[in-house]
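Written out below as structure tokens is the structure these notes cover.
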Amino acid sequence: MSVAEAPEERAAAEPESEAWQPKIVAFCCNWCSYAGADLAGTSRLHYPATVRVVRVPCSGRVNPRFVIRAFQRGADGVLVAGCHPGDCHYSTGNYYARRRFLLARRLLEYMGIDPERFWVKWISGSEGPKFAEVIREMSAAISALGPNRKAREEE
Amino acid sequence: MKVLDLAQDCVPGFAAEVSRLSGTNVESCYACGKCSAGCPLSSAMDYQPHQILRMVQLGLRDEVLSARAIWLCASCITCTVRCPREVKLAQVMDALRSLSRRTGAVPGDRKVVAFYRSFLDFVRGGGRLHELGMTLAYKLRSGDLLGDIDLGLKMMLRGKLKPLPARIKGRSDVAGIFRRVREAEGQQAEDRKPQVQELKGRQAKHREGAAE
Amino acid sequence: MPRVGVFICWCGSNIAGTVDIARVVEAVAEMPQVVHVEDNKYTCSEPGQASIRKAVSDHRLDRVVVAACSPRMHENTFRKTIAAAGLNPYLLEVANLREQCSWVHEDKEAATVKAIDLVRMAVAKVCRHVPLFTSQSPVTKRAVVIGGGIAGIQAALDIADAGHEVVLVERTPSLGGHMAQLDKTFPTLDCSACILTPKMVEVAQHPKITIYAYSEVEKVDGYVGNFTVTIRRKARSVDETRCTGCGVCMTRCPSNVPNEFDVGLGKRKAIYVPFPQAVPNKATIDREHCIYYQRGRCRICERVCEAKAIVFDQPDELIEVQAGAIVAATGYAQFDHSVYGEYGYGQYPDVITGLEFERLVCASGPTEGKIKRPSDGRIPETVVFIKCVGSRDENKGVSYCSRTCCMYTAKHAILTREKIPGSRVYIFYMDVRTAGKGYEEFYRRATEEYGARYVRGRVSRIYPKGGRLVVVGEDTILGRKAVVEADMVVLAAAMVPQPDAGAIARTLGVSYDQDGFLTEAHPKLRPVETNTAGVFLAGACQGPKDIPDTVAQASAAASKAAALLCREALETEAMIASVDESRCSGCLWCEAVCPYKAITAKTITERVRGKNVSRTVAEVNKSLCHGCGACTVACRDGAMNLLGFTNQQILAEVEAVCL
Amino acid sequence: MRTYAYYPGCSLEGTAKEYDRSLRAVAPLLGIHLAELHDWSCCGSSAAHATSHHLGLALAARNLNLAVPRSGQPADLLVPCAMCYNRLRVTARELAADPGLRADVETEIGAPFAGGPVKTRALPEVLWKDVGPEAISQAVVHPLDGLKIACYYGCLLVRPMEATGWDDAEDPKSLDDIVAATGAEPVVWSHKVECCGGGLSISRRELVGKLVADILTAAQDAGADAIVTACPMCHANLDTRQGLAAAAAGRPLAVPVLYITQLLGLACGLPERKLSLRSHLTSVGPLLAKIRDLKNQAQAAGEGGS
């Protein structure tokens, strides 16, 4: 497809004509999950354009504050993806992450945010297909839940 | 010696079944032979203990279930305590004997089987074993009438043989246990019927093979 | 107000095919901080990079966003580009429009919208970038090699020959290790001492090598390039500088002690040199067995020593050595077969181990190389060898194969047949594993030329009968029990880790496997490195090995260490944790979660209301920090931040997405 | 006096009557009170467990249930027969480990299995651990000094370790210590735990003969005056198969085989008839003669001394 065709394309897809699409913020660790996402790309695996990846060095770097801020700003879903337990590039980071996010789910529940909007997945650098699959599943799941209005702070 | 047809002769799932029944993983065995080396009876066996285990691994069901070795095993557990792979061979032997009996395989050693049958008859009847009665019953079963007569007399004289069987009050419980266990096993045997028929056929073939 | 330039790459049609570049350019131009935006067919191409450099100067850009392929592809390329344009290389952010957008979406509209978001995120983040700098940490050009066996000797020589100083630490009074105890070596049958002794002498004479024998490493501080190793020099009770190794003291010492060098088969004195070719050739007093130390009387050695070298009140000495690299060559121990009741619980004198047999056949051993039964000194006619004793036995031993036993047992068989005419040799085995140059041929010689009888099966039991040993085994090939009455039984006992391998690992800060062997960083690609930078492994401390493999690995470890020591300084990461001391409360939760021990407590003094107050804060060691960021999340005060991935930057990205 | 629940087992009513009698005779002298289980039945050894896993377990489970009192903690269950001991131990262990199996067995015995807490103890274990060599030597009135005894443990007292575990599987010591406490000398020999052929005694006596031959020759070569055992099956084989054994060994074999309780009885001064020593097939006459001689010598020496 060349850029020349772009105009009709645009006409075809008018913003108002398209249905509501969830917005998912994904924190991906640089060594495994971000690489997995890249692999999904190089293997041309398709998944919905609902996800925006924030690159972090390690899932252990993701502060629950980031997750909550995302929901406050109206993200419909948040995904934290890191190396499989035991494979952490920094040896122990993802263990701390795992423990933290178990608690974070509780906190979200307490805040009245459906914990089902918050996913934690282990995706290795060789698991492009898994990354694509997770995004497909998550998009479907979040679409089913509908938009996140609860935590959105009034602008 | 019969050629081993790995595709035809080997019953899939047999190793797994024996592993389940014996509570030990037969696939762990790497055939070092320490079990056979330590076995007090291996010299009289048609297959060495490690060969029995090999047959189980391969799934040579009919051959192993009609082997004499499984009946000559005296359950001394030496193999089990010394096995470097922690295979509980004594329990495998128990499992094979019970499978052999339940699938109606041709017993590898008539005398031992006859002894076990007589033994159990008396336990079923009286709740306890009556050695004298059991021995006589065994002699009738096995046809080994004259053996040990002298010994029997000597023991009789020394009051080592209780003339009458003990008949405990709870003997009906014991008989009940026998019945219910048989029922349970019978059920399993039912499930296995087709296999048994097939097994019989195989054994017939196997014997012909051996006869040739 | 930052001046951001955004460069959007078509990547041919790879991006432009799915993403409407024109619209992205349009949208980006709207973003407040963006003062310049352009699109190129291939931004990574030289023209593409040139136009970045040009734009930086033309538009006085102080931040750059490249929207192209994954940062994992070209982040470094573009860092260099902007550095060439005079910007700090870390003032760059890459938006991943290819792998994570154009290649994974078909719907052009959605892809374009997403692309704009991704660039907005990058812009938001890059505005919060600050210049980052790597720092240099100097390298101490000295290596400490722990263990004076063949592995340590080889590693020390190679590193020293590369021109670096080496400190070689050996626990026993002499270098040599297990190899010094061996008689002949397979597969060439050349005498072990003959090939080892010259190397020991070479070490002793090497101007760049310092030997600390009868010494142990007690503590290791610091990090790659800058270790501080604390060594305990145990008191020999002999002044090394005076002792000439003449040996008179040993001839006169009245107390006899089982000689550990002869695996207890021979005797030595309480003052001793372990073996004639010992390096250093200095006497040592074994205080547990010295009559003077035990009963306060004797001191004969002191009287007879012309060099006046005896120092009864000599204390242990602690010394600190600065080093850039450490090589662990701590070796192995032999499996204790006394767990085998079926083989006599180690109680039958004529059931011995392979190492004991080495001493028996060795010309310099307790029997002058005559193979004699320990029990009665008789020459055995029938010798049985049992392989895999302890090896490949989950029940009573270890699960792994010890790799060396097949070969040394074949060697023992050959030596027995050579030394005892008419002797009969039986070898009970499960497999014969001879993977090595000339190994299989060597094993064939044992059977074909020397008539060693191999019997395939494990031995179930050994029991004494009329002064001989009944060995009850199985020939699994025949499927028949195989019994033999032997005069001597030699057990090929497994190679196991040193009993204190765990302690060694903890001292060095390296990990060890379930068996207790020190673990390499990667089983295939980093076989001699450990997860602790600057610590390398050589020889059997990493797993069972024969001499050729040990020497090869020792040289490999040495070259790794030398390569490290060749560098003037090590560059540290730029994207590492940093503490805002004004906010840090010194709780040190960060210290607990740091996988690299990079965080330590430090005391600072500051003036509060005219008074000097000192308090504890966390300090990050730039050389140790790998930038994982675990500490930033653990921090209760928000004092800990990760440069390049600050909380503010990540939150800015989040907000940019959710606009 | 410590009370133990007592499970004799079938053999002790017949071929091993003397084991039962000697045990009952010597127990009080060692502070052991035996309370025989009411209406006990076969433990499910040999024939049962060898041909049906469940039958073996169910029969043992019934007896373990009998050992549970209506109220309070069950007393330890003392089992003189090594086979019964082994079956009861193994059963308790397997049922504890596998709830599914336990459920099956409960349907088969038509009652819930309550025998879990019952602690089954072998006789040598109780003599060794509870009574102890100390107390035994104190109970001894006729020390058997000068007597050489080969302690034969057989298989099921010490194997498998995970089910027994109170003594060593390859070189057990309990009987040796007990024998030593009587003043006799336990000889060092090679066949302590070699199998005697167990249940094949009747159906495959020629094989048993060979095994017994090895054991007896080993004991004789070690200079033993007698063999001491704690297993009716071992005793039956060793005592009654000496003829076959001699034929197999090609040399005369006459080694008296005593139950440990009989030896203890002798040392504790019990009259021979209470120990029914004469019920063995292999004559114990020479042995008793030797004991008498040793005693006389000792007395002579004692008088000489005074």
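To find a chain, count down the sequence lines: A is the first, B the second, and so on, and within it residues start at 1. Computed over heavy atoms, backbone and side chain alike; hydrogens, waters and symmetry mates excluded.
The closest donor-acceptor contact from the side chain of C:His105 to the backbone of A:Tyr47 lies under 3.5 Å. Put simply, the side chain of A:Arg65 never gets that close to the backbone of C:Val633: no donor and acceptor are under 3.5 Å apart.
There is no contact between A:Ala132 and chain C, counting heavy-atom distances below 4.5 Å. In this structure, the portions of A:Val51 lying under 4.5 Å from any heavy atom of chain C include both its backbone and its side chain. Contact of A:Val25 with chain C is made through the side chain alone, with heavy-atom distances under 4.5 Å. Heavy atoms of A:Tyr96 lying under 4.5 Å from chain C belong exclusively to its side chain. If you measure heavy-atom distances from A:Arg100 to chain C, the contacts under 4.5 Å come from the side chain alone.
Between C:Asp117 and A:Lys23 a salt bridge is recorded (basic side-chain N to carboxylate O distance below 4.0 Å). Taking the charged nitrogens against the carboxylate oxygens, A:Arg52 and C:Glu653 have no contact shorter than 4.0 Å, which rules out a salt bridge.
No side-chain heavy atom of C:Met575 sits under 4.5 Å from any side-chain heavy atom of A:Pro57. Proximity of C:Asn96 to A:Val53: side-chain heavy atoms (C-beta onward) are nowhere separated by under 4.5 Å. No side-chain heavy atom of A:Arg44 sits less than 4.5 Å from a side-chain heavy atom of C:Val104.
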Review point. Given the rule in the side-chain contact (heavy atoms from CB on, under 4.5 Å) test, do A:Asn63 and C:Thr632 qualify, once you have shown the distances and angles that lead to the verdict?
Key: CA-CA 8 Å; A:Asn63 192 318; C:Thr632 62; over 6 Å; no

Exercise for review: List the steps, then state whether side-chain contact (heavy atoms from CB on, under 4.5 Å) holds for A:Tyr34 with C:Ser70.
Suggested key: CA-CA 9 Å; A:Tyr34 195 92; C:Ser70 169; 3.7 Å; yes

Check your understanding: So C:Glu99 and A:Leu39, side-chain contact (heavy atoms from CB on, under 4.5 Å) or not? Walk me through it.
Key -> CA-CA 7 Å; C:Glu99 283 81 351; A:Leu39 181 59; over 6 Å; no

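Interatomic distance, CG of A:Asn30 versus CZ of C:Arg72, reported as 5.5 Å (0.5 Å rounding). One distance of note links OG1 of A:Thr50 with NZ of C:Lys114; it measures 7.5 Å at 0.5 Å rounding. Note that CZ of A:Arg55 and CZ of C:Phe645 are 5.0 Å apart. Values are rounded to the nearest 0.5 Å.
For the set C:Cys628, C:Gly627, C:Ala111, the entry with the most heavy-atom pairs within less than 4.5 Å of chain A is C:Cys628. Your options are C:Gln100, C:Glu655, C:Met73, C:Met121, and the one with the most heavy-atom pairs under 4.5 Å with chain A is C:Gln100. In terms of heavy-atom pairs under 4.5 Å with chain C, the best-connected choice from A:Ala40, A:Ala70, A:Ala35 is A:Ala35. The candidate with the highest count of non-hydrogen atom pairs below 4.5 Å against chain A, out of C:Leu118, C:Val654, C:Asn14, is C:Val654.
A side-chain N or O of C:Asn647 and one of A:Arg61 form a donor-acceptor pair less than 3.5 Å apart.
Annotation for A:Phe66 and C:Leu651: closest pair CD2-CD2, 3.7 Å, computed over non-hydrogen atoms.
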